[in-house]
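The sequence lines fix the lettering, A, B, ..., with proteins before strands; numbering per chain opens at 1. Computed over heavy atoms, backbone and side chain alike; hydrogens, waters and symmetry mates excluded. Please read all numbers here as calculations on a predicted model, not as lab measurements.
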There are 2 protein chains.
Amino acid sequence: MRSLTPRQQDLLDYLRGCAAEEHAPTLDTICRDMGLRSRGSLHKHIRALVAAGLVEPMGGQHRGVRLTQAAIPDEDGLPLLGRIAAGRPIEAVTHDSRIQVPAALRTQGPCYVLEVRGDSMSDDGILDGDWVVVEQRDHARNGEVVVALVDDEEATLKRIEQRPGVVRLHPANAAYAPLDYHPGRVRIQGVVVGQMRRY
Amino acid sequence: MRSLTPRQQDLLDYLRGCAAEEHAPTLDTICRDMGLRSRGSLHKHIRALVAAGLVEPMGGQHRGVRLTQAAIPDEDGLPLLGRIAAGRPIEAVTHDSRIQVPAALRTQGPCYVLEVRGDSMSDDGILDGDWVVVEQRDHARNGEVVVALVDDEEATLKRIEQRPGVVRLHPANAAYAPLDYHPGRVRIQGVVVGQMRRY
DNA sequence: CTTGTCGGTTCTCTCTTTGTTCTCTACAGT
DNA sequence: ACTGTAGAGAACAAAGAGAGAACCGACAAG
């Protein structure tokens with residue numbers, strides 16, 4: 001993942017400063033505060049932040065410039081967002097919690113950590129209780145292990161296989177069968193880039 | 001790998017000093033700080049560092065001079081001693097190398113890291129290429145995964161079961177059978193306390 | 001319902017900064 | 001003299017950054 005340019009970093013810092021405000025700022029406001037005259041130029045930067053997964057894509061809505069979970073500065077370690085299991089949505093951890101992750105186990109991009117529940121990926125060496133480091137992005141290559149949201153309801157950890165017209169999610173456990181879905185029903189929320197276990 | 005020329009070493013030292021900065025420096029900045037007048041000359045040195053695997057190749061991007069993982073000195077990390085596989089002694093890594101390990105994955109005691117070779121523990125979620133964090137000690141409780149030295153020759157990663165008069169080493173792979181030894185033949189070198197994997 | 005405004009989106013055009021590749025020169029040590 | 005290291009400077013290509021115009025959807029006023 002590509003790191004931010006200085007100007008994009010400026011914008012991100014500015015947006016972080018705005019996080020406390022009641023409304024997200026409009027593009028014109030940001031332009032004024034950042035000394036820009038053209039919304040177009042600013043929007044280009046925003047698009048870069050969206051691509052970096054730091055800002056929620058705002059499909060035309062007003063005052064939609066919102067930071068992603070992952071954009072919250074990682075003082076030390078990555079946010080532990082919750083638990084993930086087959087067949088259930090991510091169960092958020094109650095208190096905001098962070099976990100130290102070695103640089104080798106994460107990417108440059110925005111990452112977070114989930115605790116794995118269940119044994120649906122056990123043949124791939126991801127066991128109950130393991131932590132997985134997830135890079136937040138909305139696309140994946142075939143064969144990658146992804147956090148996939150089906151019908152905006154069930155978040156699962158599965159190996160993905162994308163073919164024209166069908167998305168197949170493979171659990172890595174002989175006891176479970178792969179499931180086929182229409183591509184429109186599956187939203188990729190992130191890709192597993194690392195894994196840790198404590199004994 | 002060819003060793004660095006003095007000037008290349010200067011550059012590397014300078015870049016390490018920059019690592020804490022928010023943005024990577026531009027070539028012009030480096031030139032100024034290193035007393036050079038020509039970006040071209042500097043770029044030649046950078047290319048040498050890229051060839052040495054110490055700097056990420058930056059395909060035309062601005063501020064792209066970034067150090068590779070290998071070039072960032074991990075003062076605080078655990079030593080990566082080598083690879084371990086069933087049936088062979090630990091194969092030492094050539095150059096002294098350290099790896100960052102989160103506190104949650106290690107114990108208070110002396111620890112080191114081994115890279116796993118082979119699939120003899122795959123049913124326990126320890127796969128080929130994984131790193132295991134090992135606490136150095138000479139005893140273990142039954143059921144722990146240990147680095148065991150048999151006959152002072154073969155170091156293996158196995159789950160241990162100690163009974164009066166016999167030590168049984170269980171691989172976690174249906175393809176291999178557990179092996180029984182006389183307690184005198186088996187020396188425990190450490191116990192696995194953590195595991196990490198990069199995708 | 002129509003209309004106008006606001007705010008997000010996309011586009012093209014521009015200029016500067018910065019990385020990259022050349023060639024040429026200098027110098028030290030076999 | 002030959003080779004490897006070092007540097008200068010020119011020339012080029014591409015990224016970064018901004019300006020401004022045009023477009024379009026949402027929403028509120030008339």
What's the closest nucleotide to the [X] side chain, out of [options]?
{"X": "A:H43", "options": "C:dT10, D:dG9, D:dG18", "result": "C:dT10"}
{"X": "B:H45", "options": "D:dG7, D:dA8, D:dA19", "result": "D:dG7"}
{"X": "A:T5", "options": "D:dA8, D:dA17, C:dG7", "result": "D:dA17"}
{"X": "B:L36", "options": "D:dA17, D:dG7, D:dA19", "result": "D:dG7"}
{"X": "A:T26", "options": "C:dT18, C:dG8, D:dG9", "result": "C:dG8"}

Going by modelled atom types, is there a donor-acceptor pair between the base of [N] and the side chain of [X] at under 3.5 Å?
{"X": "A:K44", "N": "D:dG18", "value": "yes"}
{"X": "B:R39", "N": "C:dG19", "value": "yes"}
{"X": "A:S38", "N": "D:dG20", "value": "yes"}
{"X": "A:S41", "N": "D:dA17", "value": "no"}
{"X": "A:R37", "N": "D:dG18", "value": "no"}

Rounded to whole Å, how long is the line connecting atom [atom1] of [X] with atom [atom2] of [N]?
{"X": "A:R7", "N": "C:dT17", "atom1": "CZ", "atom2": "C1'", "result": "15 Å"}
{"X": "A:Q8", "N": "D:dA15", "atom1": "CD", "atom2": "C1'", "result": "11 Å"}
{"X": "A:D28", "N": "C:dT9", "atom1": "CG", "atom2": "C1'", "result": "13 Å"}
{"X": "B:L42", "N": "C:dG19", "atom1": "CG", "atom2": "P", "result": "9 Å"}
{"X": "B:D10", "N": "D:dA6", "atom1": "CG", "atom2": "C1'", "result": "12 Å"}
{"X": "A:Q9", "N": "D:dA17", "atom1": "CD", "atom2": "P", "result": "11 Å"}
{"X": "A:R32", "N": "C:dG7", "atom1": "CZ", "atom2": "P", "result": "11 Å"}
{"X": "A:I30", "N": "C:dG8", "atom1": "CD1", "atom2": "C1'", "result": "11 Å"}

So B:L27, base contact, sugar-phosphate only, or nothing? Heavy-atom distance under 4.0 Å.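 Counting heavy atoms under 4.0 Å across all strands, the contact made by B:L27 includes a base.
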Counting any heavy atom closer than 4.0 Å, what does A:R47 reach on the DNA or RNA strands: base, sugar-phosphate only, or nothing?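 Sugar-phosphate: the residue A:R47, judged by heavy atoms under 4.0 Å, touches backbone atoms but no base.
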B:I188 pairs by side-chain contact (heavy atoms from CB on, under 4.5 Å) with which of B:V167, B:V147, B:I160?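 Result: among B:V167, B:V147, B:I160, B:I160 is the only option passing the side-chain contact (heavy atoms from CB on, under 4.5 Å) with B:I188.
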Is it true that a side-chain atom of A:S38 and a backbone atom of A:G40 form a donor plus acceptor pair closer than 3.5 Å?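 Yes: the side chain of A:S38 pairs with the backbone of A:G40.
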Please check: side-chain N/O of A:N142 versus main-chain N/O of A:Q162, any donor-acceptor pairing under 3.5 Å?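 Looks like yes, one N/O pair under 3.5 Å.
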Would you say B:R7 and B:L36 make side-chain contact, with heavy atoms under 4.5 Å?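 In short, these two side chains touch, coming nearer than 4.5 Å.
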Would you tell me whether B:R16 and B:Y14 have side-chain atoms, one donor and one acceptor, within less than 3.5 Å of each other?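 No, no side-chain donor-acceptor pair sits under 3.5 Å.
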